[in-house]
Amino acid sequence: MFRKWLLLLLVVGLAACSTSSPPGKPGGAARESGAPTSLPAWSQQELGDTLVALKQSCKAIARKPGWSEVCKQADGIAPDNAQAVRQFFENRFAAWKINDGGRDSGLITGYYEPLLSGSRTRSERTPWPVYGIPADFYSVDVPASVRGKSSLAARRSGPNRLTLSAAGDIEIRPADFPADNRGTRLKGRLDGKRLLPYYTRAEINQGKGVANAPILAWVEDPVELFFLQVQGSGRIQLDDGSFIHVGYAEQNGYGYQSIGKWLVDKGELTLGDASMQGIKDWLARNPQRRLELFAVNPSYVFFKTLPGDNGGPMGALGVPLTGGYSIAVDPRYIPLGAPVYLVTTWPHSTQPLTRLVHAQDTGSAIKGAGRADFFWGYGTEAGMYAGRMKQQGNLWMLLPKGMNPSQAL
């Protein structure tokens, strides 16, 4: 998922009795802190909703060593049985305090799932297309060992896919492509027998390349469509009241460039105002500069429709996210599926936000043991909180008793 909203503030730590650090991952460690009952404000927690989120995680982790009995027991507990839920977490888990390079606290940001108004058909009210992958779009994996070569050959290996092959009839010149794209995969379009970089956002907004792209829906607001691309997934409410889920399918091969940073550098916004809401407010005051601003970020996301009902978007764990109870983490330090006790504050506030959440997602900007991205859910209110969340926080991961972090990772 694409998330760009950053954060800061601080809380408490607990006494240690043992320490575990993932091998080969310097700068992160976890020390055992004891029972969940020793955690800050634990007794004040209502745990029914977090049990529901754990049951989602269990769909992916129940067969992993150490989790099967925990998940089996969780499945038999009703979320509205407050005493049974509390006893389950207190009796089954031990808490491990997360440290990041000796720091107890880390950066906690927020993300959300946008909700857009749209239609299956274009109209005066809904003139903005949500594109699927264009037919002329191709990607190809280029290992670092050959990235420096002046010319490579490739062949078609499937829809929108090329594979390097000495006998291939398609020429690739790696130096043609954006530097951000050279690490793993090149993305482009065919011009005869040569792969060229795909079109930038500005060029796509001019209609290049997308004449042969499927249109999944038409939406009302180009600004909300831009932020849908930043978040990577969202819901579109159609004319009849039904919803469609759309999620990231591909990206045009250019690195993300922050429009908030550009506005700050140009003196259009202060750093404190460069939140998602601040950017939307600026655009409302300067609608004639919308295309100029959006062109600063050449990255463009193509979508696919997602199966399922009106549940949350699918996270990296492979289960639907739960608003207010799912987080994205760095899986080198916190195993996906683990409950995580989060102690932070509400956005732009000193009011405590303390909750047992679940590591169910990852993100390209989520790096480090103490780093987390809090999923607020979907819609306007969730977007407001996500865009403003710039807090510092503490994390404890809860593991089944007898399991340490090295075994869990």
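The figures here come from the full heavy-atom set of this structure, side chains too, leaving out hydrogens, waters and symmetry mates. FYI, the numbering just counts along the sequence from 1.
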* Can a donor-acceptor pair be found between the side chains of Asp136 and Tyr198 at a distance below 3.5 Å? -> yes

* Between Phe302 and Tyr248, does the ring centre distance come in under 6.0 Å? -> no

* Taking the side chain as every heavy atom from C-beta outward, state whether Ile170 and Arg156 have any atom pair closer than 4.5 Å. => yes

* In sequence, state the C-alpha distance, the side-chain angles, and the governing distance for Phe88 and Phe93, and then conclude on ring-ring contact (aromatic ring centres under 6.0 Å, His included). => CA-CA 8 Å; Phe88 165 72; Phe93 291 91; 5.8 Å; yes

* Assess the side chains of Thr163 and Ser157: does a donor N or O sit below 3.5 Å from an acceptor N or O? => yes

* Verify the distance criterion only: is there a donor paired with an acceptor across the side chains of Gln73 and Arg92 at less than 3.5 Å? => yes

* Asked: Are Arg235 and Glu113 ion-paired here, with the side-chain N under 4.0 Å from a carboxylate O?
  -> yes

* Is it the case that more than 12 heavy atoms not belonging to Lys304 sit under 6.0 Å from its NZ atom? -> no

* Stepwise, does the ring-ring contact (aromatic ring centres under 6.0 Å, His included) test hold for Tyr112 with Trp376? -> CA-CA 5 Å; Tyr112 78 113; Trp376 283 95; over 10 Å; no

* Please step through ring-ring contact (aromatic ring centres under 6.0 Å, His included) for the pair Trp262 and Trp282, ending with a clear verdict. => CA-CA 12 Å; Trp262 185 85; Trp282 185 90; 7.2 Å; no

* Validate the cation-pi geometry between Arg355 and Trp42: distance from NZ or CZ to the six-membered ring centre under 6.0 Å, angle to the ring axis within 45°. => no

* To do: Apply the test side chain to side chain contact (heavy atoms under 4.5 Å, CB included) to residues Tyr254 and Tyr300: give CA-CA distance (whole Å), side-chain angles for both, the deciding distance (0.1 Å), then the verdict.
  => CA-CA 8 Å; Tyr254 294 86; Tyr300 196 97; over 6 Å; no

* Asked: Which pairs, with at least one residue in residues 66-97 and sequence neighbours excluded, count as a disulfide bond (SG atoms under 2.5 Å apart)?
  -> Cys58-Cys71

* **Donor-acceptor side-chain pairing of Asp240 and Ser242 below 3.5 angstrom** => yes

* **Worked verdict on His358 versus Thr322 for side-chain hydrogen bond (donor to acceptor under 3.5 Å, both in side chains)** => CA-CA 9 Å; His358 299 269; Thr322 301; over 6 Å; no

* Does Arg103 pair with Asp100 as a salt bridge, N-O distance under 4.0 Å? -> yes

* Charged N-O contact under 4.0 Å between Arg289 and Glu292 -> yes

* Partner of Tyr385 under ring pair (Phe, Tyr, Trp, His ring centres under 6.0 Å), chosen from Trp346, Phe374, Tyr111 -> Trp346

